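Report on one structure; see the data block that follows.
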Amino acid sequence: MKTKISEKKKMKRSTAIFMTVILAFPLLNFLVFYVFININTIILAFQNIDKDYNYTFAGLSNIKAAFIALVDDPLLLMSVKNSFILFFATLIIGFPLTIMFAYIFYKKYIANKMFLTILMLPSFLSAIIISLVFLKFTENALPDMLSRIFGITAPYFLKDPNFSFPTIIVFVVMTGFATSVIIYLNAMTAISPDIIESGKIDGVSNLQELLYIILPLVYPTILTFTVTGVAAIFVSMGPLYIFYAEAAPQETYLSGYYLFIKAVGLHSTIRDYPYLSAVGIIFTLIATPLTLIVKKKLEDFDPMKDGGK
Amino acid sequence: MKSDALKNNVSRAMILLGFAFLIIISAMLLIPILWSVIASLKDPVDYVNNTFSIPDKWNFQNYSSIFNKLKVDVFIPEKGTYTYGFITLFTNSLLIALVFPVMPTLSTAFTAYIISKYKCKFTNFLQVVNIIVMIIPIVGSLPSALIINKMIGRYDNFLLMALLGCSPFGFNLLFFKYAFERIDNAYREAAYIDGAGDYSVLFRIMLPMMMPAMGVIYLLGFLGAWNDYMTPLVWLRSFPNLALGMYFFQYSAAKYGASIPEILAGFVIVSIPSVILFLSLQGKVMKNLSVGGIKG
């Protein structure tokens with residue numbers, strides 16, 4: 001009996017050592033490059049850096065400056081507004097289209113592979129190449145094409161203030177289908193054929209099959225994408241840097257782009273880092289509860305959950 | 001019967017509408033790309049006079065001349081401006097794409113193995129950490145990351161960039177966990193009965209069985225790294241790759257006498273490896289892309 005217990009203890013200890021050895025490097029990287037960096041972001045927000053790169057305690061001055069900027073700085077206000085507009089545009093336009101395309105591929109109508117490969121283009125071609133091709137096309141080819149075919153003088157879509165941000169939205173939506181369509185398609189394919197067959201026997205139409213059978217069963221995937229999309233509202237900078245480098249017009253600014261340019265742009269200085277960290281913390285404090293609320297509401301809405309609506 | 005007919009008509013209309021949007025989106029994606037390939041075969045005068053048309057004369061030499069003209073001026077903070085040619089950019093692209101995905105793939109796979117096969121409070125905690133990392137948005141950490149990475153010498157250091165920074169948490173952990181859970185525990189149990197230890201089970205049984213899944217993640221990492229411009233732009237200025245090079249080249253093209261058709265030829269050349277790789281392994285990649293949920 002004693003031998004059995006000590007053997008069991010030995011096994012548990014050896015398993016614990018094994019787990020420690022295997023997890024040590026990954027978790028150390030996580031602790032340094034995620035946890036420590038984020039803790040340092042919070043610390044940095046309460047500091048000032050002088051011209052000799054000395055750090056001094058700044059109290060709440062950076063947080064105050066960030067709050068004032070959120071109200072006063074037109075660039076920052078525009079960034080926040082545009083970030084939300086872009087998110088809702090991808091949700092309202094992109095999500096239904098993604099589901100529709102995944103469903104069409106799932107049903108294996110004509111030219112499946114061809115359309116799927118075309119939608120996947122932005123995922124295997126460089127974002128830089130896709131964006132630069134789109135840039136050159138809208139700058140040079142599209143005006144020529146519209147004038148030849150329709151006889152109209154088209155604006156420079158990415159430079160005209162009335163068209164630049166809508167053009168960015170169109171670009172982000174149309175290049176955003178790639179991986180999400182595949183993941184939804186795989187989720188639909190994983191549904192048991194017996195369930196689909198029962199639906200057919202009961203005489204459901206394609207629309208009913210999509211709404212009442214498929215969507216509830218792929219709901220976990222919908223939840224994952226929606227929640228991570230909300231979490232990324234203030235992080236995304238879209239194709240702005242590729243289209244405009246550091247000279248994006250104000251009406252196209254996104255919060256990710258604002259923070260990026262201020263941190264690594266040609267005119268950025270380390271002395272701005274505390275203020276930028278403070279802005280980042282405020283964005284995090286807005287986005288975090290928003291993300292958790294959306295997650296909770298979507299989990300409550302789960303049609304497969306008991307008592308779900 | 002009438003309601004059945006109405007139901008079917010609505011369904012048909014939905015599918016047709018979906019197809020209509022699919023055709024529109026496909027055209028919006030394909031037309032600029034096809035235009036850029038065709039325009040890359042024009043001479044500069046033909047391009048200016050007829051931007052959106054078939055070339056008067058097919059100018060294939062754009063593809064050879066771009067190799068000599070592709071020179072990129074890159075400003076490296078605290079070091080100055082350096083000029084890089086095609087060979088250096090291509091070599092950097094290959095090195096970054098081959099090397100950078102290795103540690104993240106292994107790190108995530110090992111963590112997913114422990115989480116999926118060793119159920120205990122700690123591994124449950126790690127799953128919660130993964131969900132938190134995925135859904136809690138941390139904004140504005142770039143300044144802090146720059147300070148820390150410069151402090152430890154990782155900034156602009158190829159080796160340390162490749163070896164470190166591979167946190168295992170994120171979508172790929174869900175993917176690997178799901179893949180490991182699909183492997184029958186009978187294989188492990190049989191190995192333990194035969195006297196194998198934890199290390200043997202991991203390296204001689206589980207990892208070989210996970211090769212297809214790891215291959216998918218590595219391949220996606222390779223494509224991502226080949227096409228990545230952000231990492232060389234922010235973290236590895238001394239190692240610009242082709243993606244970043246093409247970006248900077250559009251600003252320095254005139255200085256080196258390159259025309260827009262030649263720039264477009266450069267775009268096509270840069271895209272060739274990723275197109276070949278993707279098309280040849282498309283089926284495997286698409287089949288293996290599955291993600292579980294983050295409920296909990």
Side-chain angles (χ1 to χ4, degrees), chain A residues 15 18-19 22-23 26 29-30 33-34 37-38 40-41 44 97 100-101 104 115 118 121 124-129 132-134 137 140-141 144-145 174 182-183 186 205-207 220-221 223-224 227-228 231-232 234-235 242 259 263-264 273 276-277 279-281 283-284 287-288 291 295 299, chain B residues 7-8 10-11 14-15 18-19 21-22 25-26 28-30 32-33 35-36 51-52 107 110-111 114 118 134-145 148 164-169 198-199 223 227 229 234 243 246-247 250 260 267 270-271 274-275 278 286 289-295:
Chain A
T15 301
F18 167 73
M19 285 171 63
I22 297 299
L23 290 176
N29 275 274
F30 170 69
F33 294 101
Y34 185 86
I37 280 177
N38 288 315
N40 192 54
T41 300
L44 201 52
L97 287 178
M100 177 53 65
F101 294 162
I104 286 173
F115 282 121
I118 294 171
L121 280 170
F124 61 86
L125 291 176
S126 165
I128 281 242
I129 300 300
L132 290 176
V133 163
F134 186 82
F137 183 77
N140 305 144
D144 188 31
M145 181 180 97
M174 85 179 192
I182 296 295
I183 290 177
N186 284 342
S205 65
N206 284 333
L207 182 59
T221 308
L223 191 150
T224 302
V227 169
T228 51
F234 293 121
V235 172
I242 303 172
L259 290 171
V264 299
Y273 287 7
L276 293 173
S277 299
V279 172
I281 285 171
F283 281 158
T284 303
T288 301
T291 308
K295 182 174 178 288
E299 282 172 356
Chain B
K7 220 170 50 179
N8 289 330
V10 169
S11 274
M14 175 194 83
I15 299 294
F19 257 110
F21 278 116
L22 189 54
I25 300 289
S26 299
M28 287 168 75
L29 283 169
L30 208 51
I33 292 170
W35 164 80
S36 68
T51 313
F52 191 80
S107 170
F110 288 162
T111 307
I114 299 293
Y118 292 84
M134 283 173 63
I135 68 173
I136 302 291
I138 305 291
V139 189
S141 60
L142 182 56
S144 173
I148 302 293
L164 303 178
C166 41
S167 168
F169 299 109
D198 291 313
Y199 296 94
L223 285 172
N227 294 325
Y229 70 99
V234 178
M246 290 316 302
Y247 173 73
Q250 57 170 340
I260 292 182
F267 291 172
V270 169
S271 306
S274 29
V275 170
F278 182 81
M286 296 219 227
L289 270 176
S290 298
V291 155
I294 55 170
K295 266 185 79 168

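Worth saying up front: this structure is predicted, and the values here are computed from it rather than measured. Naming convention: chains lettered A, B, ... in sequence-line order (proteins, then strands); numbering from 1 in each chain.
Both the backbone and the side chain of A:Phe137 come within contact range of chain B, with heavy atoms under 4.5 Å apart. When heavy atoms are compared at a cutoff of 4.5 Å, A:Tyr34 approaches chain B solely by way of its side chain, counted from C-beta outward. Both the backbone and the side chain of A:Leu125 come within contact range of chain B, each with at least one heavy atom under 4.5 Å from a heavy atom of that chain. Both the backbone and the side chain of A:Ser277 come within contact range of chain B, with heavy atoms under 4.5 Å apart. Heavy-atom distances place the side chain of B:Ile114, and not its backbone, under 4.5 Å from chain A. With a 4.5 Å cut-off on non-hydrogen atoms, B:Leu22 touches chain A through its backbone and its side chain both. Contact of A:Phe101 with chain B is made through the side chain alone, with heavy-atom distances under 4.5 Å. Looking at A:Ile242, both its backbone and its side chain come within 4.5 Å of chain B, counting heavy atoms on both sides.
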Evaluate side-chain contact (heavy atoms from CB on, under 4.5 Å) for B:Ile138 paired with A:Thr41, printing each intermediate quantity in order. CA-CA 10 Å; B:Ile138 305 291; A:Thr41 300; 5.7 Å; no
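Checking side-chain atoms of A:Asn29 against main-chain N and O of B:Gly165 turns up a donor-acceptor pair under 3.5 Å. Proximity of a side-chain donor or acceptor of B:Asp198 to a complementary backbone N or O of A:Phe18 within less than 3.5 Å is not detected. Within the 3.5 Å criterion, the main-chain N or O of B:Asn227 finds a donor-acceptor partner in the side chain of A:Ser126. Within the 3.5 Å criterion, the main-chain N or O of A:Asn206 finds a donor-acceptor partner in the side chain of B:Ser11.
Taking A:Tyr273, A:Phe234, A:Phe283 one by one and counting their heavy-atom pairs under 4.5 Å with chain B, the maximum is reached by A:Tyr273. Counting heavy-atom pairs closer than 4.5 Å to chain A, the top-ranked of the candidates B:Pro143, B:Ser141, B:Pro168 is B:Pro143. Per-residue heavy-atom pair counts under 4.5 Å with chain B were compared for A:Leu132, A:Leu97, A:Leu44, A:Val279, and the maximum is reached by A:Leu132. For chain B, the option among A:Leu207, A:Leu259, A:Thr291 with the highest count of heavy-atom pairs below 4.5 Å is A:Leu207.
For the side chain to side chain contact (heavy atoms under 4.5 Å, CB included) with A:Ile129, the lone residue among B:Ser274, B:Ser36, B:Ser271 that qualifies is B:Ser271.
Taking the six-membered ring where tryptophan is involved, the planes of B:Phe169 and A:Phe30 are perpendicular, since the angle between them exceeds 60° and thus also 30°.
B:Ser144 is linked by a side chain to side chain donor-acceptor pair (under 3.5 Å) to A:Asn40, counting only residues two or more places apart in sequence or in another chain.
With a 4.5 Å cut-off on side-chain heavy atoms, B:Leu30 and A:Leu121 count as touching.
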